[in-house]
Each structure stands twice: as C-alpha cells, then as structure tokens.
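Notes for the one structure printed next.
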Amino acid sequence: MSLVNRVKGMLRLNRAAATTTAESSSNFLIVAPEAETNCKVQILLSGKPNTLSKGNEAWLLNIYDNNHNPKMDWGTVTVDPPLNIKELDVGEKPSLLFAESGAIRLDLPIDSQLEFLSHPWSGVVTIEYGGNSVDFDLYSAVGSKKNISIADIISTCKEKDFTWSEVEQKWLESIQKTSPDVIAILNPDWRGVRSATENLVSSTLFLEDNLNELSADRFAHLVQESGVRKILFGGFPLSYELLIRKVKDLDPEIKLFAFWLSSFLQSNEDYAWQSFLAMTRLCRDGAIAKIGFAKKGMAETVAKTGVSAGFIASYVRKIPDGPSTPKPNGPHIGIWALAPIWRKNPYAMLAATAMIENATVLVVGQDLRAEEFSKYLGIDMVLQEQPIAQEKMPDALSQMHLNLYVTLSECSPMLPLESLAAGVPCLFGPNSHLFEDNSYLHSRLVVPYPDRSDVIAEMIEQALDERIKIVQEYKKYAYIYNQYCKRELCAFLK
C-alpha cells in the first residue's frame with residue numbers, strides 16, 4: 001500500500017483566513033515552504049497506547065523552528081475526520097487532535113520541532129520518513145509537552161551520526177577545553193532550581209523538560225563526547241528520566257546525581273510527586289548514584305527507604321561589599337514571587353507593611369487581588385504581575401531598603417541569599433536551615449510566625465533600624481558559610 005493511500009486525514013487550507021502561514025499541496029500540508037531544506041513526513045496515531053494510558057489520543061500543539069518561532073497556525077486550516085482542530089481549553093490557540101487511526105502528511109523544514117501534548121490520555125505516535133519510522137510514546141502521568149526534532153528523526157531513519165548545532169558545538173568545545181570535575185544539567189525555566197544549581201556548579205547544560213526518545217539519545221551522545229565523568233541534575237524534570245537511562249546505557253561508569261529542591265509538603269502536587277517517584281526509582285535501579293536534598297532533614301527520611309541520599313546546602317557565591325544604596329524616600333520594601341501560589345502567599349507581608357510609616361511596597365509575581373488588598377489597607381503599593389528577568393534581579397533587589405520573602409513552605413530559599421548578596425536584608429519564613437548557626441542573623445531575618453502580620457511588622461522595623469549591621473554581619477558570615485557549602489558538595493559527589 002502506498003504512503004498516499006495510508007493517509008486517513010487530509011488538511012485543507014482555509015483560503016479565507018488572512019493569517020494563513022501554510023499552503024496545501026495534494027495530500028501534503030506545506031509548512032513555511034523552503035524547497036531546498038524541506039522534507040516530507042507522515043504522522044499517525046498507533047492503535048496500541050501505553051498500558052498506563054487512560055485513552056488513545058495525540059495533540060500536535062504547534063510546529064516551531066529551532067529558535068522556537070511558531071510555523072503553524074492550526075486556526076487557518078480544516079481537516080477531515082478522524083482528525084480535528086480543537087482548543088485544548090477555552091480561549092487557547094487551536095491544536096491538531098489525532099483520534100482513532102488519524103494520520104497526516106507534512107512537508108516542512110528540516111529545522112522544525114513538533115510540539116506534542118504529553119498527558120495521561122496520550123497514545124503513541126509513529127512518524128515515518130523515507131520508508132522508515134520511529135515511535136514516540138506520549139503518555140505521561142502529569143500534563144507536559146514533548147518536542148520532537150525533524151532533524152533527529154532524519155538522523156535516526158538514515159542511521160547517520162549526530163551533527164551538533166552551533167550552540168551545542170560551542171558547549172562541547174568549552175567542556176572539552178576546561179574538563180570540569182562535574183557539570184550540571186537543568187531546566188533553564190525553573191528559576192529557583194537554576195539559581196541554586198548554578199551557584200553550586202559553574203559548568204551547565206540547559207535542557208527544557210520536553211525530551212523524547214530521540215532527543216534524549218542525542219544529548220546522551222553529546223554528554224558522552226564531552227568526556228565528563230560526573231553529572232548533577234538540578235531538580236528533576238520528568239522527561240530527564242529518558243536522558244539518564246540513555247547516558248547510563250552509553251557509559252555505565254559515569255556517575256549521575258540528582259539535586260532535589262522541593263519539600264514533603266509538595267507531595268500533594270502531581271508533578272512534584274511523580275517526579276519524586278521517578279527520581280527515587282532511578283536511584284534504586286542504580287542509574288542515579290545519590291540524591292541530594294536542599295531541604296535539611298529530608299535525606300535522612302528518604303534514606304530509610306533504601307535510597308542513597310544526602311544534604312546539599314545552597315548558597316550564593318557573590319558576597320556583598322556592603323549595604324546597597326536604595327531608592328530615595330521610602331522605606332522601599334519588595335515582596336517577591338514568580339506566581340501567586342499558596343506557598344508564596346503575600347497577604348500577611350502586605351498587612352505588615354501597612355504598619356510601616358511612609359512605606360512604598362513593590363509587589364512582583366502576584367495577581368490583582370494583591371492590589372485590591374493593598375487598596376483596602378491603604379498601602380502605597382506598585383504591582384508588577386510578571387516576574388522580573390533573573391539577570392535584572394540583583395539590581396531590582398538592591399533598590400529596596402528591605403525585601404520580604406516570608407513564605408509558608410520552602411526547601412532552601414534562594415531569594416533571601418540573593419537579596420543579601422545585593423546588600424539588602426531580607427526577612428523569610430522558619431522553613432529552612434539558613435542561619436541556624438548564627439544567632440544574630442537568625443533572630444533578625446527568620447520570622448518565627450509567617451502568618452502573623454504583627455510579628456512581621458515588628459521585624460521589619462528592627463531590620464530597617466539595623467540594616468547596615470545585618471549586611472555587615474552577613475558579609476562576614478558568608479565567607480565561612482560558602483566554604484562549608486563547597487566542602488559539603490565535594491563530599492557528596494565522591
């Protein structure tokens with residue numbers, strides 16, 4: 001049977017759409033045509049999903065180039081059943097839904113990336129090229145995305161050696177030149193994890209949480225070619241399990257470690273729980289040599305299950321020269337978060353600032369309720385809903401007289417240390433090991449009752465009065481603490 005005859009669904013271009021980004025040709029959808037670099041593939045839904053899957057469907061969310069520029073707008077095309085163009089949720093951009101034995105043929109650039117949804121109802125998709133095919137199991141216990149590179153499919157089907165991108169080649173040459181004892185692999189989008197891991201390990205490889213069987217194999221070969229002998233995985237993105245198993249298949253002697261930056265309280269969060277189970281399973285299987293926990297006390301508990309575990313103390317390398325020069329007037333107080341989640345609840349902190357005379361409050365990463373709450377209490381507040389870029393954070397922190405990060409649950413918060421490194425005291429909650437060995441800093445910065453605004457207000461007044469002394473004490477403390485963290489990491493990685 002010919003490839004054309006196997007097609008179950010055919011895309012038709014909606015010529016009336018003004019935003020059309022594709023052209024149809026016979027049984028193909030041509031995506032951003034570039035004749036000399038295009039290739040033809042067929043994508044079909046297998047009839048045999050993962051035995052754990054609750055269904056058998058596949059969502060092709062979009063098609064991107066290597067710079068993550070979108071190449072497809074599914075709203076500009078129509079399809080025949082069993083394919084469908086649907087929104088995953090109300091108001092979202094349409095996606096291509098495969099059901100039953102749906103299939104599609106695409107003519108698209110070699111640098112394309114296919115972005116699929118991966119969730120508990122996902123099936124297995126087969127991608128055919130040049131008479132060969134590769135299967136991709138899209139099932140995941142929690143919702144995520146899986147990116148599939150057309151270049152990787154071509155390399156696999158043609159049994160070619162991997163060719164590295166310009167960025168990958170530069171990374172490879174840098175690692176081969178410097179020969180670090182350990183590298184860290186981490187998701188660049190996980191801000192707290194990234195900050196903690198980068199301060200521990202200077203040589204890094206950033207990989208998003210969208211790996212598939214081919215991309216994991218590709219990066220495993222990249223790591224093998226680099227010659228590294230130890231790898232620390234910052235956090236544990238679920239798709240990294242594929243990479244870890246590929247790396248160990250290629251080189252059983254390489255030592256892999258995981259750095260877990262979460263707490264037991266997050267075990268009711270599906271992603272955190274599934275990630276924790278996958279990580280500890282890999283450790284029991286021998287793929288991961290040891291798991292380091294940023295939350296003090298977790299390692300001892302998890303070790304009772306037979307998992308090799310230890311404590312990794314987080315720190316910030318930069319040590320302040322002295323107190324920063326904040327913005328004029330005020331006092332200016334910053335309250336920081338990446339998103340409005342229960343662990344980063346700002347309202348006790350905001351209520352506390354209402355008791356501080358002439359305070360001007362910058363609130364970052366919260367929603368409009370924080371603004372409404374501030375108006376009710378008459379707080380002079382500026383709300384920025386979107387987080388500040390990580391590279392701009394030191395300057396933003398330094399402009400405050402005081403920063404607040406009195407959260408309800410943490411493993412080992414980085415923002416208080418980042419604030420102190422910028423020359424600004426920061427109050428935070430009693431949920432980590434930080435400053436347990438320094439009675440002065442602990443008494444001035446660690447709020448014993450994080451949901452009591454009166455206690456926070458008293459400590460704000462005290463920290464403002466002793467701002468210079470607190471930063472000077474931290475400067476002395478950081479030299480000793482940072483050396484301790486380095487020694488502990490070296491011992492952990494042996």
Side-chain angles (χ1 to χ4, degrees), residues 184 186-187 190-202 204 232-237 257-267 269 272 275-276 279 290-303 309-319 336-339 341-345 365 390 393-394 397 403-422 424-438 441-448 450 474 477-493:
L186 60 150
N187 186 340
W190 292 4
R191 289 261 298 252
V193 171
R194 177 173 177 173
S195 175
T197 308
E198 283 187 303
N199 276 284
L200 289 167
V201 179
S202 57
T204 57
L232 180 68
F233 290 90
F236 197 81
F257 303 87
F259 183 26
W260 184 249
L261 297 103
S262 184
S263 69
F264 286 133
L265 269 63
Q266 289 176 256
S267 298
E269 299 172 10
S275 180
F276 177 80
M279 176 185 66
K290 194 174 185 180
I291 300 172
F293 289 89
K295 178 80 168 179
K296 195 169 186 180
M298 285 190 75
E300 292 82 355
T301 302
V302 176
F311 174 60
I312 295 180
S314 301
Y315 73 103
V316 170
R317 293 180 190 177
K318 185 179 183 300
I319 297 174
W336 307 87
L338 295 176
I341 59 177
W342 70 269
R343 289 180 285 111
K344 318 287 185 180
N345 190 304
Q390 184 66 31
M393 279 297 292
L397 291 166
N403 289 303
L404 304 181
Y405 200 68
V406 188
T407 56
L408 300 178
S409 176
E410 296 286 341
C411 57
S412 181
M414 293 301 295
L415 190 131
L417 297 178
E418 292 169 344
S419 177
L420 286 159
V424 183
C426 180
L427 304 187
F428 58 100
N431 40 40
S432 75
H433 69 283
L434 295 178
F435 306 134
E436 285 181 336
D437 55 348
N438 186 296
L441 291 176
H442 196 274
S443 67
R444 296 306 187 267
L445 299 178
V446 181
V447 179
Y474 173 75
Y477 172 85
Y479 284 106
I480 300 170
Y481 175 73
N482 289 6
Q483 290 302 315
Y484 157 76
C485 295
K486 293 174 185 177
R487 290 194 304 271
E488 289 296 297
L489 180 65
C490 288
F492 173 86
L493 293 172

How many angstroms lie between [atom1] in [X] and [atom2] in [Y], if you round to the nearest 0.5 Å?
X: Ile312; Y: Cys411; atom1: CD1; atom2: SG; result: 11.0 Å
X: Phe259; Y: Phe293; atom1: CZ; atom2: CZ; result: 11.0 Å
X: Ser412; Y: His433; atom1: OG; atom2: NE2; result: 4.5 Å
X: Leu397; Y: Ser419; atom1: CG; atom2: OG; result: 5.0 Å
X: Leu200; Y: Lys486; atom1: CG; atom2: NZ; result: 10.5 Å

Measuring only between side-chain heavy atoms, which start at C-beta, is [X] closer than 4.5 Å to [Y]?
X: Leu445; Y: Tyr474; value: no
X: Lys295; Y: Asn431; value: yes
X: Arg194; Y: Met414; value: no
X: Val302; Y: Phe276; value: yes
X: Leu186; Y: Thr204; value: yes
X: Glu488; Y: Tyr484; value: yes
X: Phe257; Y: Ile291; value: no
X: Arg343; Y: Glu269; value: yes

Please answer whether the main-chain N or O of [Y] pairs with a side-chain N or O of [X] as donor and acceptor at a distance below 3.5 Å.
X: Ser314; Y: Ala196; result: no
X: Arg317; Y: Asn482; result: no
X: Tyr315; Y: Asn199; result: yes
X: Ser195; Y: Gly192; result: no

Which heavy atom of [X] sits nearest to which heavy atom of [Y], and what is that distance?
X: Leu408; Y: Trp342; result: CD1-O, 3.5 Å
X: Ser275; Y: Trp260; result: OG-CZ3, 3.4 Å
X: Cys426; Y: Leu415; result: SG-CD2, 4.0 Å
X: Ile319; Y: Ala478; result: CG1-CB, 3.9 Å
X: Pro416; Y: Tyr405; result: CD-CD2, 3.9 Å
X: Gly429; Y: Val446; result: O-CG1, 3.9 Å

Checklist entry - When you look at Phe311 and Met298, which way does the side chain to side chain contact (heavy atoms under 4.5 Å, CB included) test go after all the steps? => result CA-CA 8 Å; Phe311 174 60; Met298 285 190 75; over 6 Å; no
Next on the checklist: Evaluate Glu410 against Phe428 for side chain to side chain contact (heavy atoms under 4.5 Å, CB included), listing each step before the verdict.
Outcome noted: CA-CA 10 Å; Glu410 296 286 341; Phe428 58 100; over 6 Å; no
Item to check | Pair Phe435 and Tyr477, ring centroids less than 6.0 Å apart | outcome: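 Yes.
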Next on the checklist: Run the side chain to side chain contact (heavy atoms under 4.5 Å, CB included) test on Met393 and Arg191 for me, step by step, so that the C-alpha distance in whole Å, both residues' side-chain angles and the decisive distance to 0.1 Å come before the verdict.
Outcome noted: CA-CA 11 Å; Met393 279 297 292; Arg191 289 261 298 252; 3.6 Å; yes
Item to check | side chain to side chain contact (heavy atoms under 4.5 Å, CB included) between Tyr481 and Asn438, intermediate numbers included | outcome: CA-CA 10 Å; Tyr481 175 73; Asn438 186 296; over 6 Å; no
